[in-house]
Amino acid sequence: MATDTLKSTTGASGASAVRRLLLDNGALTALIALVIAMSALSGDFLTTDNLLNIGVQAAVTAILAFGVTFVIVSAGIDLSVGSVAALSATVLAWMATSQGVPVWIAVILAVATGIACGLVNGVLISYGKLPPFIATLAMLSVGRGLSLVISQGSPIAFPESVSHLGDTLGGWLPVPVLVMVVMGLITALILGRTYIGRSMYAIGGNEEAARLSGLRVKKQKLAIYALSGLFAAAAGIVLASRLSSAQPQAAQGYELDAIAAVVIGGASLAGGTGKASGTLIGALILAVLRNGLNLLSVSAFWQQVVIGVVIALAVLLDTLRRKAGATPVAAGTGAPGGRGKQAATYLIAAVVAAAVVGAMSFLHNGSSSSATKKVGLSLSTLNNPFFVQIKSGAQQEAKKLGVDLTVTDAQNDASQQANQLQNFTSSGLGSIIVNPVDSDAAGPAVRSANKAGIPVVGVDRGVNKADTAALVASDNIAGGKLGAKAMAEKLGGKGKIVILQGLAGTSASRERGAGFAEGLKAYPGIEVVARQPADFDRTKGLDVMTNLLQAHPDIQGVFAENDEMALGAVKALGSKAGTSVSVIGFDGEPDGLKAVKDGTMYASVAQQPKELGRIAVENALNAAEGKKVEKTVMVPVKVVTKENVAGFGG
């Protein structure tokens, strides 16, 4: 792997020496191979804008992974870094805006929050004797929960002075890349040149031997996990700066990417090996994969499969190499010629990369085609039938109009969506359609598309602080009011109800909830006895509704902010659904409409998602061709009940 300084027992020369060099640096070899493959397959890959784009997308994962490197080298694990990153950013934004604290103090408090979380992990592991997996898993939950408590589930605007961390220097060099490089150099310095760095390798190699040799292992672990928390805080601040807002749900799952980057880069989960350079290469491999697969229009579902396979193959290659006789040596303990050998490795990599750039630029030179009919569609999630219906309607219209449509799935992750939008921009599409995870967080990426002269069309949700050629949407607030009216009329103006809320921080949940609350003001006899989030998920809707029934068995109504949660509630209610308890959902998805037809759901506030997708593609093509489009295109919302469900087309 790229991170190991290796002792070789046999000499080699010529071609065999090069082969051995590449085999002994598996991660670097894999990165070069990926760059060559992506360059050959896509003419948009090896552009200056796209390469910088890859650096930006790798930055947050790399910074998190640098912190995790300390932990893994010492034979630990940290599952909490994603939540700690979100919590630190939320603390900064909340302190600087809601509490009026000076920005520089808010930054210090954010960093202190990360360090404090790391210290708690260290105390639980060193003195509480908890396994690192359990201790950091607990902090994962605590950190995310505190982030939601502080923000009340809504994004908080980031201070303008700190948001510059997401900008560029000189109009071309991204600040996140500079931060990543600085944090990488600090990591390399700590691992290779400090007492605590040497202690990490000693503890990871043999903790008992380290203790017997005089190392204060418990105190060292406190410092190691505090460093991980510090780097997580830095990553959270960089991420929030890119999105111009602190997202309480940001960086979900990033801990797995960070661990993957460290392991791909050559560190062993058993401890004792690992380097900053290898971690950086691991993070770049993940970023190149995601970027390249986006540019190649690979299905969002297949992307997850490909990334998982590549991670497994990278680690398998390292395992096979180790079994073949290579012996990794911890940083700072290699042979005198080790540094020269490593420098030669990176020099060869640079030469190969330069050759690839030249060859592929020549290969793709002049091979341009009209991008007018190339459209990108970034959906907030495809793990929800409503958005699958939008995708279906968009694809049908694209096929009809001869449009080359690329669809991506942001998995309800605002930062992942920002990356996808940047990929669309760097590949020079004719136009972009975006269904924002969060309206504020999508703003910076859409502004980049504006600068590149690419028209953007919003679908279902608008984009704040950016220019969109059109917004194709239903009115969520109006839909919420219609839901309240339908519920009140069904219950005769009085009764007890519960509300199942959507994913915290999403505009759809906020707007539907606000509309429903506004509509209920006209019906004082309706009492809301409980509000609980179920994250737009059917299974969570089932679990939350089951729990609420224990405390409120006498309810007469349930309003769910989407049909998936409503269907979960129907399952929990059993025979009560449609008889003693009226359930109203939102979206008008096929399963929801079937439940309305069967009588288990009273109604669904239907949005006609296929129509949203169809009209969005039509407007995106018109905007790309310079034709006039309406700034706002409203698709009617209607309450669908058993009486009119047969005539509703969806």
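Applying the salt bridge (charged side-chain N to carboxylate O under 4.0 Å, His left out) definition to pairs two or more places apart or across chains, none involves residues 137-150. Identified under the ring-ring contact (aromatic ring centres under 6.0 Å, His included) test for residues 555-577, with sequence neighbours left out: Phe516-Phe559. Sorted by first and then second residue, the ring-ring contact (aromatic ring centres under 6.0 Å, His included) pairs involving residues 587-614 (not counting sequence neighbours) form an empty list. Pairs of residues two or more places apart, or lying in two chains, never qualify as ring-ring contact (aromatic ring centres under 6.0 Å, His included) while including a residue from residues 454-483.
Residues Asp167 and Arg242 are not paired through a salt bridge, judged by the lack of any N-O separation under 4.0 Å between the basic side chain and the carboxylate.
With sequence neighbours excluded, the residues that form a salt bridge (charged side-chain N to carboxylate O under 4.0 Å, His left out) with Asp257 are Arg290. Shown here are the side-chain contact (heavy atoms from CB on, under 4.5 Å) partners of Glu489, two or more places apart in sequence or in another chain: Lys485. For Glu511, there are no salt bridge (charged side-chain N to carboxylate O under 4.0 Å, His left out) partners, not counting sequence neighbours. Remark: Asp404 engages no residue in a salt bridge (charged side-chain N to carboxylate O under 4.0 Å, His left out) (not counting sequence neighbours). By the side-chain contact (heavy atoms from CB on, under 4.5 Å) test, Val529 is found to be paired with Lys496, Val498, Glu527, His552, Ile555, residues two or more places apart in sequence or in another chain being considered. Residues passing the salt bridge (charged side-chain N to carboxylate O under 4.0 Å, His left out) test with Lys638, sequence neighbours excluded: none.
With hydrogens and angles ignored, the 3.5 Å screen pairs a side-chain donor or acceptor of Gln420 with a backbone N or O of Asp409. For the pair Lys373 (side chain) and Leu401 (backbone), a donor-acceptor distance under 3.5 Å is present. Checking side-chain atoms of Ser431 against main-chain N and O of Ala620 turns up a donor-acceptor pair under 3.5 Å. With Gln556 contributing its side chain and Ser580 its backbone, the two residues share no donor-acceptor pair below 3.5 Å.
Rounding to the nearest 0.5 Å gives a distance of 13.5 Å between NZ of Lys642 and CE of Met601. Note that CD of Gln411 is 12.0 Å distant from CG of Leu379, once rounded to the nearest 0.5 Å. Distance CD1/Ile433 to CG/Leu377: 5.5 Å, rounded to 0.5 Å. In this structure, the separation between CG on Asn384 and CD on Gln389 is 10.0 Å, given to the nearest 0.5 Å.
No side-chain N or O of Asn622 forms a donor-acceptor pair with one of Glu618 less than 3.5 Å apart. Side-chain contact, Asp413 with Ser415: a donor N or O sits under 3.5 Å from an acceptor N or O. Side-chain contact of Glu630 with Thr632: a donor-acceptor pair under 3.5 Å is absent, judged by distance alone. Ser154 and Gln152 are not linked by any side-chain donor-acceptor pair at a separation below 3.5 angstrom, with hydrogens and angles left out of the test. Looking only at atom types and distance, the side chain of Thr90 has a donor-acceptor partner in the side chain of Ser147 under 3.5 Å away.
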Taking distance alone, no hydrogens or angles, what donor-acceptor pairs closer than 3.5 Å link side-chain atoms of residues 454-469 to residues at least two apart or in another chain?
{"unit_1": "Arg461", "atom_1": "NH1", "unit_2": "Pro436", "atom_2": "O", "d": "2.7"}
{"unit_1": "Asn464", "atom_1": "ND2", "unit_2": "Asp440", "atom_2": "OD1", "d": "2.8"}
{"unit_1": "Asp467", "atom_1": "OD1", "unit_2": "Lys631", "atom_2": "NZ", "d": "3.1"}

Which pairs would a plain distance check flag for residues 560-579, meaning a side-chain donor or acceptor within less than 3.5 Å of a matching protein atom at least two apart in sequence or in another chain?
{"unit_1": "Glu561", "atom_1": "OE1", "unit_2": "Gly502", "atom_2": "N", "d": "2.8"}
{"unit_1": "Glu561", "atom_1": "OE1", "unit_2": "Ser509", "atom_2": "OG", "d": "2.7"}
{"unit_1": "Asn562", "atom_1": "OD1", "unit_2": "Glu564", "atom_2": "N", "d": "3.4"}
{"unit_1": "Asn562", "atom_1": "OD1", "unit_2": "Met565", "atom_2": "N", "d": "3.0"}
{"unit_1": "Asn562", "atom_1": "ND2", "unit_2": "Phe536", "atom_2": "O", "d": "3.3"}
{"unit_1": "Asp563", "atom_1": "OD1", "unit_2": "Phe586", "atom_2": "N", "d": "2.9"}
{"unit_1": "Asp563", "atom_1": "OD1", "unit_2": "Ser604", "atom_2": "OG", "d": "2.9"}
{"unit_1": "Asp563", "atom_1": "OD2", "unit_2": "Gly588", "atom_2": "N", "d": "2.9"}
{"unit_1": "Asp563", "atom_1": "OD2", "unit_2": "Glu589", "atom_2": "N", "d": "3.0"}
{"unit_1": "Asp563", "atom_1": "OD2", "unit_2": "Ser604", "atom_2": "OG", "d": "3.0"}
{"unit_1": "Glu564", "atom_1": "OE1", "unit_2": "Arg538", "atom_2": "NE", "d": "3.4"}
{"unit_1": "Glu564", "atom_1": "OE2", "unit_2": "Arg538", "atom_2": "NH2", "d": "2.9"}
{"unit_1": "Lys576", "atom_1": "NZ", "unit_2": "Pro553", "atom_2": "O", "d": "3.3"}
{"unit_1": "Thr579", "atom_1": "OG1", "unit_2": "Ser575", "atom_2": "O", "d": "2.7"}
{"unit_1": "Thr579", "atom_1": "OG1", "unit_2": "Lys576", "atom_2": "O", "d": "2.9"}

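The neighbour count for Asn383 CG, taken as heavy atoms of other residues, nucleotides or ligands under 6.0 Å away, does not exceed 12.
Taking both residues in full, the closest heavy atoms of Ile584 and Gly483 are given as CD1-O, 3.7 Å, listed atom of the first, atom of the second, then distance. The minimum heavy-atom distance linking Ser245 with Asp438 is given by the pair OG-OD2, 4.4 Å.
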Dump the intermediate steps for side-chain contact (heavy atoms from CB on, under 4.5 Å) on Val528 and Leu520, then the final yes or no.
-> CA-CA 9 Å; Val528 179; Leu520 280 187; 3.7 Å; yes
